[in-house]
There are 2 protein chains.
Amino acid sequence: MHRRDSIPAKPEPGAAAITQLTLTVFRLNGMLLHWGDQVVEPLGLTSARWQMLGALALASTPLTAPQVGEAMGVTRQGAQKQLNLLLEQGLVAARPNPAHMRSPLYALTPQGRTLYQQADALGAAMADELASLIPVANARTAMRTLETMLRQLQIATLSSEVES
Amino acid sequence: MHRRDSIPAKPEPGAAAITQLTLTVFRLNGMLLHWGDQVVEPLGLTSARWQMLGALALASTPLTAPQVGEAMGVTRQGAQKQLNLLLEQGLVAARPNPAHMRSPLYALTPQGRTLYQQADALGAAMADELASLIPVANARTAMRTLETMLRQLQIATLSSEVES
DNA sequence: CGCCACTTGACAACCGGTTGCCACTAATGG
DNA sequence: CCATTAGTGGCAACCGGTTGTCAAGTGGCG
């Protein structure tokens, strides 16, 4: 908005850095998922289910499917799909929800908890390794930077989504 | 848990920062795709096809499908799928490849090039906006940090993938 | 020359995620 | 008390990506 010189449409000099950063985010995202899939594959898990177990493990109380989705930043149906699979797998149990007949509360079963702890140990090992290579200050800077992008994109996305 | 501190007991306090950073990467990835889908939707594009057009636009010479996949960090089949769709859409043209009968070279059509320039302008606007909020040094630090993670994950993934 | 390994495209199946629609439960207000 | 609205799960369809399989083109090597 505050374009100081309007005629030559001077691009921000940092724009190229932002573009490159964006591409790196895409690649890292793919790499993280790929790595996670491999790491927990011997446990019969996938990255998606690992994350889902994590959401339940870190919650202090059992959650409904929409709450899990909210915690993970996915839609309620996406969470539901994985929860149903985890249910079949016996890693998660549904207990009746006194507040909503059709919306049970989900919690880890003992097997689920054990499996998550095993997976978490593997993840922690990698996090330690990365932490030994990356100064904490850099990790924080990176996170703040990405969060700024996140916030700004959210604003931009919302403003063009509210055509309803 | 049990850190195998064979030499110096290093609890790696930065591991939590890494974990948080990872979650931010997941969210930002999703947000970028969502934003991109909305931005180029009026042009009849999607994020995936936008990126594909970009790969072709930035290439100095026409590329084969596997080359496009390589440039984008996806498998050759993933690239092929989008190329076939872009072909139907008339945004990309296949010209015979003298070096390989079954593997044509792909290049943007005039419409494809025009459309990409329009999309690129929208992307550049957002990149400028973000660049005005993010110091270049921070963007660079973030990118270097993510690339370090990328490299390390690649090493870890490869070393457990070569068990075949 | 002929065989063999590698590359490539087509196709099908799957995974994880999204959206849209429908039916049912819960909560709110007249 | 009832009607409308919001929240919720099930289902189906789709998108983008991956893997695997197959047939065909390419290049090297005996």
Side-chain angles (χ1 to χ4, degrees), chain A residues 26-27 29-38 40-41 44-55 62-89 92 94-106 157 161 164, chain B residues 26-27 29-38 40-41 44-53 55 62-89 92 94 96-106 157 161 164:
Chain A
F26 286 146
R27 282 196 135 84
N29 180 78
M31 190 61 70
L32 282 167
L33 292 178
H34 189 214
W35 169 83
D37 279 343
Q38 291 207 327
V40 297
E41 187 271 333
L45 287 177
T46 62
S47 283
R49 296 181 200 181
W50 182 11
Q51 288 180 255
M52 186 81 47
L53 292 181
L63 301 175
T64 66
Q67 285 170 338
V68 175
E70 166 68 18
M72 294 182 51
V74 301
T75 59
R76 63 189 180 82
Q77 295 91 334
Q80 187 81 54
K81 205 187 247 185
Q82 295 302 327
L83 283 172
N84 289 341
L85 294 170
L86 254 8
L87 219 48
E88 288 175 15
Q89 222 172 335
V92 146
R95 55 173 55 186
N97 181 355
H100 200 306
M101 182 178 303
R102 290 188 53 188
S103 194
L105 295 167
Y106 297 92
T157 300
E161 220 170 25
S164 57
Chain B
F26 286 146
R27 283 196 134 83
N29 180 77
M31 190 61 71
L32 283 166
L33 292 178
H34 189 215
W35 169 82
D37 279 343
Q38 291 207 327
V40 297
E41 187 271 334
L45 287 177
T46 62
S47 283
R49 296 181 201 180
W50 182 10
Q51 287 180 256
M52 186 82 46
L53 292 182
L63 302 174
T64 66
Q67 286 170 337
V68 175
E70 166 68 17
M72 294 181 52
V74 301
T75 59
R76 65 189 179 85
Q77 295 90 333
Q80 187 80 56
K81 204 187 250 188
Q82 295 302 326
L83 282 172
N84 288 342
L85 294 170
L86 254 8
L87 217 49
E88 288 175 14
Q89 221 171 337
V92 146
N97 181 355
H100 200 306
M101 182 177 304
R102 291 186 54 187
S103 194
L105 296 166
Y106 296 93
T157 300
E161 220 169 27
S164 57

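Note on naming: letters A, B, ... go to the chains in the order of the sequence lines (proteins, then strands), and numbering restarts at 1 for each one. The figures here come from the full heavy-atom set of this structure, side chains too, leaving out hydrogens, waters and symmetry mates. The shown structure was predicted, so the numbers you read here are calculated from the model rather than taken from an experiment.
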Q: Can you check whether A:R49 reaches A:Q89 side chain to side chain, under 4.5 Å on heavy atoms?
A: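 Yes; the side chains approach each other to less than 4.5 Å.
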
Q: Going by atom types alone, do A:D37 and A:T46 pair a side-chain donor with an acceptor below 3.5 Å?
A: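 A:D37 vs A:T46: no donor-acceptor pair found between side chains.
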
Q: Rounded to the nearest angstrom, tell me the gap between atom CD in B:Q51 and atom C1' in D:dG17.
A: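 Taking atom C1' of D:dG17 as the reference, CD of B:Q51 is at 12 Å.
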
Q: Without decimals, in angstroms, what is the distance between A:H34 NE2 and C:dC15 P?
A: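 One finds 16 Å between P of C:dC15 and NE2 of A:H34, rounded.
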
Q: Rounded off to whole Å, could you give me the CG-to-C1' distance for the A:L87 and D:dG10 pair?
A: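 Atom-to-atom, A:L87 to D:dG10, this comes out as 14 Å.
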
Q: Please tell me if A:Q82 has a side-chain N or O lying less than 4.0 Å from either OP1 or OP2 of C:dC15.
A: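 It does not, given that no N or O in the side chain of A:Q82 lies less than 4.0 Å from OP1 or OP2 of C:dC15.
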
Q: What is the distance, rounded to the nearest whole Å, between atom CH2 of A:W50 and atom C1' of C:dG16?
A: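 Atom-to-atom, A:W50 to C:dG16, this comes out as 17 Å.
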
Q: In B/S/- notation, 5' to 3', how is nucleotides 23-28 of chain D contacted by protein heavy atoms closer than 4.0 Å?
A: BBSS--

Q: Can you tell me how far P of C:dC15 sits from CG of A:L86, to the nearest Å?
A: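 That distance rounds to 14 Å.
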
Q: Between A:D37 and B:P66, which is nearer to the 5' end of DNA chain C once each is assigned its nearest nucleotide?
A: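 Here B:P66 is the residue nearer the 5' end.
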
Q: Might you point out which heavy atoms bring B:A94 and B:P104 nearest each other, and give the distance in Å?
A: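 That closest heavy-atom pairing would be CB-CB, 3.9 Å.
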
Q: For B:P62 and B:Q67, which heavy atoms make the closest approach, and how far apart are they?
A: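 That would be O-OE1, 4.4 Å.
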
Q: Can you measure A:N29 atom CG to C:dC15 atom P for me and round it to whole angstrom units?
A: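 Taking CG of A:N29 and P of C:dC15, I get 19 Å after rounding.
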
Q: Please report the shortest heavy-atom distance between A:S103 and A:P66, naming the atom on each side.
A: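 That closest heavy-atom pairing would be OG-CD, 4.4 Å.
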
Q: Using a cut-off of less than 4.0 Å, is there contact between a side-chain N or O of A:N84 and OP1 or OP2 of D:dG10?
A: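 Answer yes for this pair, as a side-chain N or O of A:N84 is under 4.0 Å from OP1 or OP2.
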
Q: Just the rounded figure in Å: distance from P of D:dG16 to CG of B:L53.
A: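 To the nearest whole Å, that distance equals 12 Å.
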
Q: Between A:L105 and A:T64, is there a side-chain heavy-atom distance shorter than 4.5 Å?
A: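 Yes; the side chains approach each other to less than 4.5 Å.
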
Q: Is atom CD of B:E70 surrounded by more than 12 heavy atoms (other residues, nucleotides or ligands) closer than 6.0 Å?
A: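 At most 12 heavy atoms, drawn from other residues, nucleotides or ligands, come within 6.0 Å of this atom.
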
Q: Using a 4.0 Å cut-off on heavy atoms, which residues in residues 70-79 of chain A reach DNA chain C? List them by number, or say none.
A: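 A:V74, A:T75, A:Q77, A:G78, in order of number.
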
Q: Can you name the nearest heavy-atom pair linking A:M72 to A:A55, along with the distance?
A: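 So the two residues come closest at CG-CB, 3.9 Å.
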
Q: For the side chain of B:K81, counting heavy atoms from C-beta on, which of D:dA13, C:dA13, D:dG9 is nearest?
A: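 Of all the options, the side chain of B:K81 is nearest to C:dA13.
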
Q: Write down the distance between CD (B:E41) and C1' (C:dT19), rounded to a whole number of angstrom.
A: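 The distance from CD of B:E41 to C1' of C:dT19 comes to 14 Å, rounded to the nearest Å.
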
Q: Quantify the bending of the helix from C:dC1-D:dG30 to C:dG30-D:dC1 as the angle between its end axes, each fitted on five pairs, to 10°.
A: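 Roughly 10° between the end axes, to the nearest 10°.
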
Q: Just how far is it from atom CE of A:M52 to atom CG of A:L63, taken to the nearest 0.5 Å?
A: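 One finds 11.0 Å between CE of A:M52 and CG of A:L63.
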
Q: At what distance, to the nearest 0.5 angstrom, does CE of A:M31 lie from CG of A:L33?
A: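 Result: 10.5 Å between the selected atoms.
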
Q: Is there a side-chain contact between A:V74 and A:V68 in this structure, where contact means two heavy atoms from C-beta onward sitting under 4.5 Å apart?
A: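 Not touching, per the 4.5 Å side-chain cut-off.
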
Q: If you measure from CD on A:Q80 to OG1 on A:T75, what distance do you get to the nearest 0.5 Å?
A: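 A:Q80 CD to A:T75 OG1: 10.0 Å, rounded to 0.5 Å.
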
Q: Looking at C:dC15, I'd like to know if its phosphate oxygens (OP1 or OP2) sit under 4.0 Å from a side-chain N or O belonging to A:T46.
A: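 False: A:T46 side-chain N/O out of range (4.0 Å or more) of C:dC15 OP1/OP2.
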
